[in-house]
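In what follows, a structure is listed as structure tokens, so that the remarks can point back to it.
Just so you know, residue 1 is the first one in the sequence shown, and it goes up from there. For ligands, and for the atoms within them, numbers begin at 1 and follow the listed sequence.
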Amino acid sequence: MRPRRSGKSLRESIVAMMSRLPVNRADAIDVGVLSYEREIRAMCEMNSCGRYGRSWNCPPQVGSIEELKAKCGVYRNGILFNTVSALEDSFDFEGMMAAGAALHGILAETDGILTREFGLDDYLLLGAGSCNACKTCAYPSPCRHPDKIHIPIEACGINVVRLAKKTGFLYNNGLNTVTYFGLLLF
Ligand code: SF4
């Protein structure tokens, strides 16, 4: 049986574990700074990415902003992390896709470590962007891997720019880079 850890020691151990993954930075945050803004969720509804209503990890399938706020609000601990990836230039769409895929890989690896090594079975791991676990999403047929999906932070209405500012993270990490954020709540 795994030894039970206090909230602080568990937080520190998970931050240490995440810092060994290919992330730019991972740090514990005060979940009290999280705010849920209808305007941010409305950006999903504008469907500029074309994934609104087309993936099981995106709105509206993931629930209303109220439901997601309630889901997030259950947890008392948060760890924010980000990846910073180089782009050839600001139009490097392939580079952005590769950076998104790298974040999804980190999220999958984190799931495995949290359950295997930390014995965590009640947590919420939020990511960025539409799920890419399958070549083509099965939606509207049932999700092929519901255990692999991560709701985007913005789908919950969380303003990532504001969150980064409040927690001392850099949202923009320089010319010809793309930064993606993930958030673990437990
Ligand atoms: S796991 Fe596959 S079917 Fe499920 S949301 Fe992701 S891409 Fe779609």
Side-chain angles (χ1 to χ4, degrees), residues 14 17-18 20-24 26 34 36-75 78-85 87 91-161 163 178-186:
I14 295 177
M17 174 277 286
M18 298 217 59
R20 287 193 289 274
L21 298 178
V23 300
N24 172 60
L34 296 174
Y36 304 85
E37 302 172 24
R38 205 161 289 284
E39 297 73 21
I40 298 296
R41 171 64 179 242
M43 287 164 71
C44 282
E45 288 152 18
M46 284 165 64
N47 199 21
S48 54
C49 67
R51 302 297 297 158
Y52 184 82
R54 290 182 170 231
S55 167
W56 287 111
N57 84 316
C58 288
Q61 284 74 28
V62 288
S64 67
I65 183 172
E66 289 78 15
E67 288 166 331
L68 291 173
K69 180 179 175 183
K71 207 169 177 173
C72 294
V74 164
Y75 301 103
I79 293 173
L80 185 66
F81 54 97
N82 66 5
T83 60
V84 178
S85 308
L87 299 175
F91 302 102
D92 182 6
F93 182 70
E94 278 180 15
M96 288 179 208
M97 295 299 286
L103 176 71
H104 286 287
I106 290 168
L107 294 169
E109 196 173 349
T110 302
D111 275 331
I113 297 173
L114 289 177
T115 47
R116 248 186 358 256
E117 292 180 20
F118 289 85
L120 270 192
D121 54 8
D122 186 9
Y123 66 88
L124 186 60
L125 184 57
L126 303 173
S130 191
C131 181
N132 65 2
C134 309
K135 206 169 172 188
T136 308
C137 183
Y139 184 85
S141 296
C143 177
R144 297 185 192 99
H145 310 286
D147 54 323
K148 287 189 182 175
I149 67 173
H150 300 99
I151 299 169
I153 301 176
E154 285 92 344
C156 303
I158 296 171
N159 184 329
V160 179
V161 178
L163 177 61
V178 62
T179 302
Y180 288 126
F181 282 83
L183 176 63
L184 169 65
L185 298 171
F186 62 100

Proximal ligand 1 atoms for Cys134, defined as those under 4.0 Å from one of its heavy atoms: 1 (S), 2 (Fe), 3 (S), 7 (S)
Any side-chain heavy atom of Pro59 within less than 4.5 Å of one from Tyr52? yes
Tell me which one of Pro142, Pro146, Cys143, Ser130 gets a heavy atom nearest to atom 1 (S) of ligand 1. Cys143
For Ala138, atoms of ligand 1 separated by under 4.0 Å from a heavy atom: 3 (S), 8 (Fe)
Within 4.0 Å of some non-hydrogen atom of Ala133, the atoms of ligand 1 are 1 (S)
Pull out every atom of ligand 1 sitting under 4.0 Å from any heavy atom of Cys137, numbered as shown with elements. 3 (S), 5 (S), 7 (S), 8 (Fe)
Main-chain N/O of His150 paired with Asn57 side-chain donor or acceptor, under 3.5 Å: yes
Any side-chain heavy atom of Leu80 within less than 4.5 Å of one from Leu163? yes
Please write down residue, atom name and distance for the protein heavy atom closest to atom 6 (Fe) of ligand 1. Cys131 SG, 2.3 Å
For ligand 1, which atoms sit closer than 4.0 Å to a heavy atom of Arg144? 3 (S), 4 (Fe)
So, Glu37 and Lys69, do they make that salt bridge, N to O below 4.0 Å? no
Would you call Arg54 and Arg51 a side-chain contact if the rule is heavy atoms closer than 4.5 Å? yes
After noting the C-alpha distance and the side-chain angles of Lys71 and Glu67, does the key distance pass the salt bridge (Lys or Arg N to Asp or Glu O under 4.0 Å) rule? CA-CA 6 Å; Lys71 207 169 177 173; Glu67 288 166 331; over 6 Å; no
heavy-atom search around atom 5 (S) of ligand 1 in the protein gives Trp56 CB, 3.5 Å
